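Worksheet for the structure shown next.
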Amino acid sequence: MAVMLTIIPIPAFEDNYIWLLHDGRHAVAVDAGDAEPLLDYLDEHGLRLLAVLDTHHHQDHIAGNDDLLARFPALPIYGSRHIATVNRPVGGGDIVSFAELDLHLQVLDTPGHTADHLTYYGANSLFCGDALFTCGCGKLFEGTPAQAYASLQKFAVLADETQVCCAHEYTLENIRFARLVEPDNALLAEREIRDTQTRARNLPTLPATLALEKSTNPFLCCDDPSVAAAASRYAGHPLNSPVEVFAALRTWRNTF
Ligand code: ZN
Ligand code: FE
């Protein structure tokens with residue numbers, strides 16, 4: 001019998017989300033930046049935590065691991081081997097499976113935001129941490145534009161109905177920037193109205209479908225002539241490849 005999986009964002013800190021996948025009995029969490037809201041949810045719903053998956057080493061994504069290990073000493077924590085609290089090191093090409101949830105997640109290497117950033121893909125969902133944001137992408141702290149662009153291309157080939165489950169509520173800010181890049185994108189204008197209403201009700205704008213990202217997220221549209229033209233105008237010279245467009249957009253976004 002197929003397991004009915006619930007996939008929800010648990011708000012943490014100012015604008016982080018801890019993603020939780022559960023079937024009413026067992027749960028897996030992605031990026032436990034803060035243990036408290038996660039433990040509260042698990043207790044409230046009588047869920048047993050099977051494991052934590054880390055996307056990258058920034059504190060707002062892993063700071064809860066120590067508290068979780070204090071409460072569940074045998075808790076498996078998957079992620080980059082460079083994270084001290086990770087006890088199940090994984091990398092691109094691995095598959096992380098949880099029989100209780102009939103859940104199988106592919107691990108993708110997605111450097112750019114950090115050098116060893118990982119993304120987990122499965123259950124029709126993409127747990128992409130700070131690599132891809134709704135209508136935007138993460139800052140390049142450790143990677144090159146070419147690496148980050150290649151990481152986003154790994155997402156672009158996935159099924160349109162894939163649910164993008166990133167780690168921050170940055171959608172409205174990202175849309176404001178995207179509107180500068182593509183003022184004539186009607187889908188983007190519609191998205192702004194819809195997501196503004198969602199945030200006015202204090203609800204998450206996440207997840208979003210990959211189809212929506214591919215049609216409104218400028219960082220996934222670097223080969224689109226109108227996006228390339230806007231990036232060239234910003235850069236003040238012609239840009240000769242999608243990677244150059246990506247790099248110009250990322251620089252522009254940093255100063256926006
Ligand atoms: Zn980060
Ligand atoms: Fe973050």
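Atoms within each ligand, like the ligands themselves, are counted from 1 in listed order. Note that the coordinates shown come from a computational prediction; the quantities given were computed from them, not determined experimentally.
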Specify which N/O/S atom of His58 comes nearest to the Zn ion (ligand 1), by atom name.
ND1
Do His168 and Glu173 pair up side chain to side chain, a donor and an acceptor below 3.5 Å, judged on atom types alone?
no
Of all N, O or S atoms in Asp130, which has the smallest distance to the Fe ion (ligand 2)?
OD2
Is His117 close enough to the Zn ion (ligand 1) to have an N, O or S atom under 2.8 Å?
no
Metal check, the Zn ion (ligand 1) vs His56 N/O/S, cut-off below 2.8 Å
yes
Considering only N, O or S atoms of Asp60, the one closest to the Fe ion (ligand 2)
OD2
From the Fe ion (ligand 2) out to just under 2.8 Å, does an N/O/S atom of His56 turn up?
no
Which N/O/S atom belongs to His61 and is the closest one to the Fe ion (ligand 2)?
NE2
Geometric class of the His45/His22 ring pair [parallel <30°, tilted 30-60°, perpendicular >60°]:
tilted
Which of parallel (below 30°), tilted (30 to 60°) and perpendicular (above 60°) describes His58 and Phe141?
perpendicular
May I ask you to test the Leu20-Thr6 pair for a side-chain heavy-atom distance under 4.5 Å?
no
Among Asp102, Asn124, Val28, Leu21, which residue satisfies the side-chain contact (heavy atoms from CB on, under 4.5 Å) criterion with Leu5?
Leu21
Using a distance-only test with no angle check, is there a side-chain donor-acceptor pair under 3.5 angstrom linking Thr205 and Asp195?
no
Measure from the Zn ion (ligand 1) to every N/O/S atom of Asp130 and report the name of the nearest one.
OD2
